[in-house]
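Here the structure is laid out as structure tokens; the discussion comes afterwards.
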Amino acid sequence: MSTRALLHVSAFSLSQVNSQRLFSVEYAVKLLKKLADDGNFKLGKVVHALLVVSSHASEDHTIQNNCLINLYSRCGQLAVARRVFDRLSQRNVASWSILMAGYLHNGYAWEVTKLFKDMISVDKIFPNEYVLSTVLSSCSSGRLLHEGRQCHALVLKSGLMFHQYVKNALLSLYTMSSDMEGVLETLKSVPGLDIITYNSVLKGFLDHGYTSEALDVFSRMLADGSAGDSVSYVNIFGLCARLKDLKLGKQVHCRMLKSGLQLDVFLSSAIVDMYGKCGEISGARYIFDSYPNHNVVSWTAILAANFQNECFEEALKLFLRMEFQDVVPNEYTFAVLLNSCAGLSALGCGKTLHARVEKRGHGAFVVVGNALINMYFRSGHIEAARALFSNMISRDTVTWNMIISGFSHHGLGEEALDVFQHMLAVEEQPNYVTFVGVLLACGHLGRIEEGFYYLQHLMRDIGLEPGLEHYTCVVGLLGKAGKLDEAENFMRSTPITWDVVAWRTLLNACNVHRNYDLGKRVAEHLLQLNPNDVGTYILLSNMHAKVKRWDGVAKIRKLLRERNIKKEPGLSWTEIRNETHVFVSDDTQHPETAQIHEKVRKLLADIKPLGYVPDTTSVLHDVEQEQQEGYLSYHSEKLAVAYALMKTPSQAPIHVIKNLRICDDCHSALKLISKVTMRMIVVRDVNRFHSFQDGSCSCADYW
DNA sequence: GTAGGGTTAG
């Protein structure tokens, strides 16, 4: 019966019968229960008042009074609930239990254990299954380990171990105290698990990284003939997402389809998340589109899936659709959006979102703060990122990592290491990612010994096992310092499977330091790993050119032509007054092409007296085009910089983003352009930032 | 009359 209907009946009784028999206790109980379930405080008070005037609120109606306590605590009115409880002349185990549940659900776990003691000592009531499961839950949610153990003893004494609710609460307690062995033990010894047990154990294992045990529980559940409900699948999709195991994810998805389980908003979010994290954006989009009733979370999940798969623009566009459907974004949504802006270096869009975030009071959330810092760093605005960091109310490991790696990518090694020391001083625990940033910083500063100290001692002291990324940083560190043989020896002597990135790091070092022999060996190795790797060919060709081995250059070009290997087209873009202008290397699409080319020619002429010599050897482009005179002046970053110089005020810094590594020629040209125009020019390439100012670059000519 | 499990950011 609906609340209104119940109330209608009550009103009817009120008018029909005299005030002595307003409505029966059964009615009152039914009505109060319904109101409690709905959390309807307003109507609840009315009914309470009716009960009082009809003298139904007398003390001998314990069940009815229990319902009142329940009503108020479910409406978040704990003080009122407590007053009703305290005035009872007769209370039973349910009165206690209801009040305890009230305190538990309103976040006062500690209060529950106090009530529990009073119940036993004052009223001499021995706990039943309701009380025990509530108290056990309070111990887990309040992290009250000691009390939890005492309750465990009581459970054994009471013989309620086999009660489903009690057993589940006990399992949650084990999970909370990270006693996964205890969980396994209970699973073995206690038969007859219901779906809730399976699901909470599944979640427990997942939260503690027991992935294989989680899978075991899932298969045991299926083997037991329990098909698994949407909660089970939400958990298991979460596992696939964490493992980034697309194959497993698809298997689970098939299983779910076969079981006939219908999508709900939780499930669709979890599946979207799984496909997103496993790198299959099409799967994520398909699931999202096949479920109609989305909420903030599921919208955020599809935005995140797009972000994770580098579909940054798509994420921002989808957000418009989300707003159009009147779904209100929360802090997670803003974090994803800001990170998408970071991916595009879309400062204008990022600033707009920043304003919205502050206006709505989302700025205090760590996730949002981190995303803002990321956005400003990736858009090249170091000072804005730094200011945000200093003003943050709460920080987490990600915040610190973000600042350290942000400074490192901008070539600010000293700053990065200062922040790292600061982090240690405030006893924030560094993690795997932290040390990647730290080792990068050491690389910029050429601090070899310090780098090795972090790798070999500090990391191990903290209990972190160095991984491929750290070792690659060390290769870069040695390579940058010109210790190429050491770098090679380090790679040969470290028992790890090196990837393309690591070898390319060494090859790049060989290139910069013109170590032709080692470079050739490394390049050959790289080409064995991937015979069509354009990046390797470019580096190899650059190296040949630098030592003037023109035959080598010609050979590589011929090879590329024969194999029809094409370089990814060079793209640069820059944001001017909220509009993004994109330039391709041999671009003539831009409406102002003629003026832009004229500007480039003028800039190059201006820097010639400063010693600029066009370097036709440093890039490997489409051969025919490259042979044309003046081709280099059409490089996309030069076009973008020229355009920005034309369109922005004379003091404004220029920000350009490009999809490839910046080439030698553009690098030396931009250094000089920054000098003659007295402008700061910040270029974000695939790997790092180059901040050109007064004739030099923040990368100190090593990238 | 009272008690248990779920989705989104790096």
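Because the structure is a prediction, the values reported are computed rather than measured. So that the names make sense, note that chain A is the first sequence line, chain B the second, and so on, each numbered from 1.
The listed nucleotides are B:dG4, B:dA9, B:dT2; the one nearest the side chain of A:Ser97 is B:dT2. Relative to the side chain of A:His163, the nucleotides B:dA3, B:dA9, B:dT7 differ in distance, and B:dA3 lies closest. Counting only heavy atoms from C-beta on, A:Ala101 has its side chain closest to B:dT2 among B:dG4, B:dT2, B:dT7. Among the nucleotides B:dA3, B:dA9, B:dT2, the one closest to the side chain of A:Lys277 is B:dA9. For A:Ile98, the listed nucleotide lying nearest its side chain is B:dT2; candidates were B:dA9, B:dG10, B:dT2.
Rounded to whole Å, atom C1' of B:dG10 lies 14 Å from atom CD of A:Glu331. Taking atom CE of residue A:Met274 and atom P of nucleotide B:dT8, one finds them 13 Å apart after rounding to whole Å. Atom CZ in A:Arg91 sits roughly 20 Å away from atom P in B:dT2 (whole-Å rounding).
Side chain to side chain, A:Ser95 and A:Asn92 meet the donor-acceptor criterion of an N or O pair below 3.5 Å. A side-chain donor from one of A:Asp229 and A:Asn199 sits under 3.5 Å from a side-chain acceptor of the other. Checking A:Asn168 against A:Ser200 by side-chain atom types alone, no donor-acceptor pair falls below 3.5 Å. If you check the side chains of A:Ser178 and A:His208, you find a donor sitting under 3.5 Å from an acceptor.
Residue side chain A:Asp229 does not reach the base of B:dG6 through any donor-acceptor N/O pair under 3.5 Å, judged by distance alone. Evaluation of atom-type donor-acceptor distances gives a pair under 3.5 Å for the side chain of A:Asp194 against the base of B:dG4. Judged by distance alone with a 3.5 Å cut-off, no donor-acceptor contact links the side chain of A:Ser137 to the base of B:dG4. Put simply, the side chain of A:Asp396 and the base of B:dG10 share a donor and an acceptor less than 3.5 Å apart.
Stacking annotation: A:Phe266 is not stacked on the base of B:dT7 (requires ring centroids less than 5.5 angstrom apart and an interplanar angle below 30 degrees). An aromatic stacking contact between A:Tyr130 and the base of B:dA3 is absent, as defined here by ring centres under 5.5 Å apart and ring planes under 30° from parallel.
A:Tyr210 is linked by a ring pair (Phe, Tyr, Trp, His ring centres under 6.0 Å) to A:Phe205, counting only residues two or more places apart in sequence or in another chain. The ring pair (Phe, Tyr, Trp, His ring centres under 6.0 Å) check on A:Phe218 picks up A:Tyr233, with sequence neighbours excluded.
Contact between the side-chain N/O atoms of A:His105 and the OP1/OP2 oxygens of B:dG4 is found at a separation under 4.0 Å. Taking side-chain N and O atoms only, A:Asn370 has no distance below 4.0 Å to OP1 or OP2 of B:dG10. Listed pair A:Lys167 / B:dG5 fails the phosphate criterion, with no side-chain N or O lying under 4.0 Å from OP1 or OP2. Note on A:Lys33: a side-chain N or O is less than 4.0 Å away from OP1 or OP2 of B:dT2.
Listed by residue number, the members of residues 299-309 of chain A with any heavy atom below 4.0 angstrom from DNA chain B are A:Thr300, A:Ala304, A:Phe307, A:Gln308.
Atom CG in A:Asn306 sits 4.5 Å away from atom CZ in A:Arg285 (nearest 0.5 Å).
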